[in-house]
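For clarity, every value in this text was computed on a predicted model and none was experimentally measured.
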Amino acid sequence: MTWVPTTAAEREEMLAVIGVTTVDDLFATIPESLRPKSWNLPAPESEMAVRRAMAGLSARNAVCHTSFLGGGFYDHFIPAAVDALATRSEFYTAYTPYQPESSQGTLQAIYEYQSAVCRLTGMEFANASLYDGGTAVFEAATMSVRLTRRRRIVCHESLNPLYGRMLKTHTANLGFEFATGDDPADAACVIVQNPSFLGSVADFSALAGRCHEAGALLVVSFYPLSLGMLKTPGEMGADIAVAEGQSLGLPLGFGGPYLGVMATRKEHLRKMPGRIGAATEDAQGRRGFVLTLQAREQHIRREKAMSNICSNEALCALRALIYLCLLGKEGLREVAAQCHARAEYLKSRLSFLQVLNAGPTFNEFAVRLPRDAEQVVSALAERGFLAGLPLAAVGAGEATDLLIAVTEKRTRHELGAFAEALKEAACS
Amino acid sequence: MQLIFEKSRPGRRAAQFDALDVPEASLPPALCRAEPAELPEVSELDVVRHFTQLSQQNFGVDSNFYPLGSCTMKYNPKLAEAVAAYPGFSELHPHLSTCPAFRGLCQGALELVYETEQALAEIAGMRKVSLQPIAGAHGELTGALLMAAYHRDKGNAKDTMLVPDSAHGTNPASAAIAGFKVVQVASAADGTIRLDAVKEALNESVAGLMLTCPNTHGLFEPRVREIADLLHESDALLYYDGANLNAIMGHARPGDLGFDVMHFNLHKTFGTPHGMGGPGSGPVGVGERLEAFLPGPRVVCEGGRYDLETPAKSIGKVAAFFGNFLIAVRACAYIRHLGGPGLKEASENAVLNANYVFARLKGTYQPAFESGFMHECVFSAAPQAKAGVRALDIAKALLDYGLHAPTVYFPLTVRESLMIEPTETESKDTLDAFCDAMIEIAGKAESDPDSLHAAPRTMPVGRLDEVRAARQLDCSC
């Protein structure tokens with residue numbers, strides 16, 4: 001079969017060395033009574049046939065529309081060099097750097113990624129990655145519980161409702177108490193998001209102060225790309241900063257793989273979950289990189305570990321690092337400024353609609369339409385636009401509310417055409 | 001090698017964007033960062049050369065034999081990479097599944113989720129599968145949450161999870177996060193779980209047992225059906241850790257063995273890349289007892305149209321959408337290409353290769369167990385360690401042969417363990433080269449142990465000072 005190289009002659013030689021006559025003899029420890037009751041799987045298909053079938057499935061998905069769909073996941077430009085480098089198989093066919101000497105590429109990339117995250121967020125320590133934005137919020141909550149020995153988790157209204165649901169699923173049996181709002185009294189943490197799920201920008205510095213007075217932690221879920229412009233979690237006094245890293249050069253990919261970003265302050269480091277890379281030296285004084293503080297992790301601590309995480313999203317973290325290097329200091333500032341400016345322009349063209357955000361927004365905002373949002377997005381999809389996310393679908397608004405996101409990819413012409421089309425679909 | 005930050009020069013740039021063709025906009029200064037993030041200022045070639053050189057400091061399956069036990073480092077087919085890059089998959093926005101108005105725009109992706117879940121269910125003899133869990137450990141946690149939900153629903157006061165001493169560390173860690181107390185169950189001298197130890201540990205408070213099969217000693221658990229029956233008698237559940245599913249495809253199915261819930265590791269069994277430590281994918285499969293509790297929403301098919309539905313007693317969401325979708329795309333291509341016969345043949349050759357390595361090395365290294373290895377074999381370097389050469393030294397010596405080391409110091413039940421999993425995609429020539437190297441290293445352990453203590457010599461760095469790394473904590477620049 002295709003990926004098995006062993007010839008019939010070799011198989012015979014190998015069986016002779018093993019001292020059995022057939023491959024089936026090697027399965028003798030599985031009793032006959034436990035053999036499969038069914039094995040109703042398709043026949044093999046050639047590579048050509050598989051590609052044809054998968055191309056057929058791929059073609060039945062809409063990726064050519066002009067997109068204003070966000071809701072935590074954004075259609076940003078990805079420079080070609082990101083794909084060219086992250087698809088090098090020396091990276092993607094390696095595993096966890098258990099042998100550091102033969103994994104220096106991986107380990108240096110982890111160290112550089114952690115450095116980039118710290119510089120981006122203004123935090124002191126970052127881990128090597130978690131699964132995604134939602135599980136990063138969950139890990140931040142359990143980390144806060146470990147640090148404060150309290151069990152009350154306060155979720156601010158700004159938090160992505162999907163993250164809130166994931167948090168409750170993951171912690172269902174841990175006896176946590178949940179509240180909404182921003183009261184830090186007796187709380188392990190208050191979890192906020194900036195920009196909010198509806199796109200509003202805030203400064204949570206004062207809340208950080210109130211949290212710390214009350215002995216609670218402030219967890220800030222941030223939008224990495226927005227930090228080209230916005231006040232950082234570090235500047236606000238956050239204890240733990242977490243993010244969905246998809247905006248940093250990861251394709252939308254219908255939901256994953258994505259990247260869970262986590263960073264914290266030095267005093268909380270030892271309670272942080274996930275792998276951590278560190279610089280050190282060999283006997284000759286050459287700089288090299290290893291995984292460190294592994295006594296926090298499941299393979300050492302088992303049921304007492306900080307988390308059960310083992311495989312993480314290392315290749316996605318590499319993509320984020322490459323993206324941040326390609327953009328650099330000025331490029332990240334520019335892309336954030338462009339997203340904001342283009343969104344503001346669209347907002348100005350939608351003056352016929354009520355914007356629901358009370359204050360400033362970054363690149364996403366919510367509007368109230370004169371009619372059902374699902375109907376409007378259906379009509380606009382036929383005209384080649386993904387108009388945004390109807391908020392009722394995620395339980396974050398009325399049936400008439402629509403969340404509209406704008407990235408650096410949307411041109412003035414597209415923004416103008418969309419404004420016209422939306423006016424027609426919504427108001428005529 | 002220099003850090004990318006050390007290559008930064010003020011004013012240098014790589015990526016460019018379209019010129020801004022709308023008015024500039026600003027936010028109040030109080031909402032903005034004080035200084036720009038100090039990211040590297042480098043050219044595109046600087047970045048390309050830097051990361052190309054970093055990649056060259058790695059062992060990967062494409063360049064080196066990688067017999068890391070329990071990790072199934074098989075070849076990652078290029079076909080899977082090619083299809084995962086199709087724009088209809090890679091550029092598809094996940095919120096297209098969120099609202100009914102958009103669902104017609106992602107029918108191909110929903111069909112792929114549906115088809116992959118169906119195929120995995122048949123492979124494992126499970127009723128239903130959910131692709132939501134993002135990695136193996138996440139699948140374990142999801143499985144443990146399902147078990148907790150089942151017992152809560154039935155009013156069972158069961159708060160204890162049994163875990164064998166040979167289990168992956170993720171098993172007890174996942175059980176703990178799902179709210180269970182963990183009780184360890186001892187293995188017998190032959191490397192399989194002791195039935196009397198399970199009986200002894202089993203009481204009214206036991207919610208379930210987490211079992212890897214074949215276990216992390218590489219051995220099939222012959223009493224698995226009896227264990228399942230025992231558990232089911234007291235309404236406890238049996239969890240299958242799918243890390244070693246690559247040993248048994250087409251020869252046994254967890255569902256037929258009596259398991260109620262399991263996770264798959266698509267990055268092990270189904271050839272998707274390990275990506276330096278991730279992304280993986282850890283779909284969860286369930287039998288009829290747990291079907292109603294699966295994460296939602298789920299893809300359902302009615303009259304050729306794919307839609308979403310949340311099971312009656314769903315535990316909720318463990319991922320925002322359908323887990324690591326692009327990994328599922330790869331696994332789907334893998335399953336389609338091999339089909340039923342190819343999957344079976346993959347397992348057969350994985351077992352053949354491990355047994356061949358075992359046969360060639362059992363005269364040189366001390367077998368951890370006498371016989372019965374399936375897709376991996378475990379040795380102990382305890383005799384060598386007595387002479388001053390530890391499993392770690394053997395691992396480092398292999399690197400100088402251009403061979404990745406086996407898993408060392410796991411399973412914890414075997415002293416100085418060397419856990420070797422060659423996988424089915426390696427040729428006899430490669431296995432021979434590996435065995436020759438292992439035998440030569442064993443010779444050196446007697447004749448010239450110091451040469452092994454000095455290994456590796458040919459890597460970019462020698463052995464690194466891990467104590468210094470932990471004490472001086474330099475984790476970023």
Heavy-atom distance under 4.5 Å to chain A: side chain of [X], backbone, both or neither?
X: Ile123(B); result: both
X: Phe325(B); result: both
X: Val329(B); result: both
X: Glu24(B); result: backbone

Are side-chain N/O atoms of [X] and [Y] paired as donor and acceptor at under 3.5 Å?
X: Ser38(A); Y: Glu122(B); value: yes
X: Arg88(A); Y: Ser55(B); value: yes
X: Thr106(A); Y: Asn58(B); value: yes
X: His65(A); Y: His93(B); value: no
X: Tyr92(A); Y: Asp62(B); value: no
X: His337(B); Y: Thr2(A); value: yes

Name the option with the most non-hydrogen atom pairs under 4.5 Å to chain B; the candidates are [options].
options: Leu332(A), Thr87(A), Thr292(A); result: Thr292(A)
options: Ala393(A), Gly56(A), Gly328(A), Ala94(A); result: Ala94(A)
options: Gly19(A), Pro42(A), Ala283(A); result: Pro42(A)

Salt bridge flag under 4.0 Å for residues Lys428(B) and Glu13(A)
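Judged by the 4.0 Å cut-off on N to carboxylate O distance, Lys428(B) and Glu13(A) do form a salt bridge.
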Please check this pair: side chain of Arg342(A) against backbone of Val22(B), looking for a donor-acceptor N/O pair closer than 3.5 Å.
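Flag not set: sc Arg342(A) to bb Val22(B) has no pair under 3.5 Å.
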Checking the side chain of Asn61(A) only, and the main-chain atoms of Gly88(B) only, is there a donor and an acceptor separated by less than 3.5 Å?
yes
Hey, what's the ring geometry for His251(B) with Phe27(A), parallel, tilted or perpendicular (30° and 60° as the breaks)?
parallel
Is the ring pair His274(B)/Tyr95(A) parallel, tilted or perpendicular, if the boundaries are 30 and 60 degrees?
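If you compare the ring of His274(B) with that of Tyr95(A), the planes turn out perpendicular.
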Please classify the contact between Thr135(A) and chain B as side chain, backbone, both or neither, with a heavy-atom cut-off of under 4.5 Å.
side chain
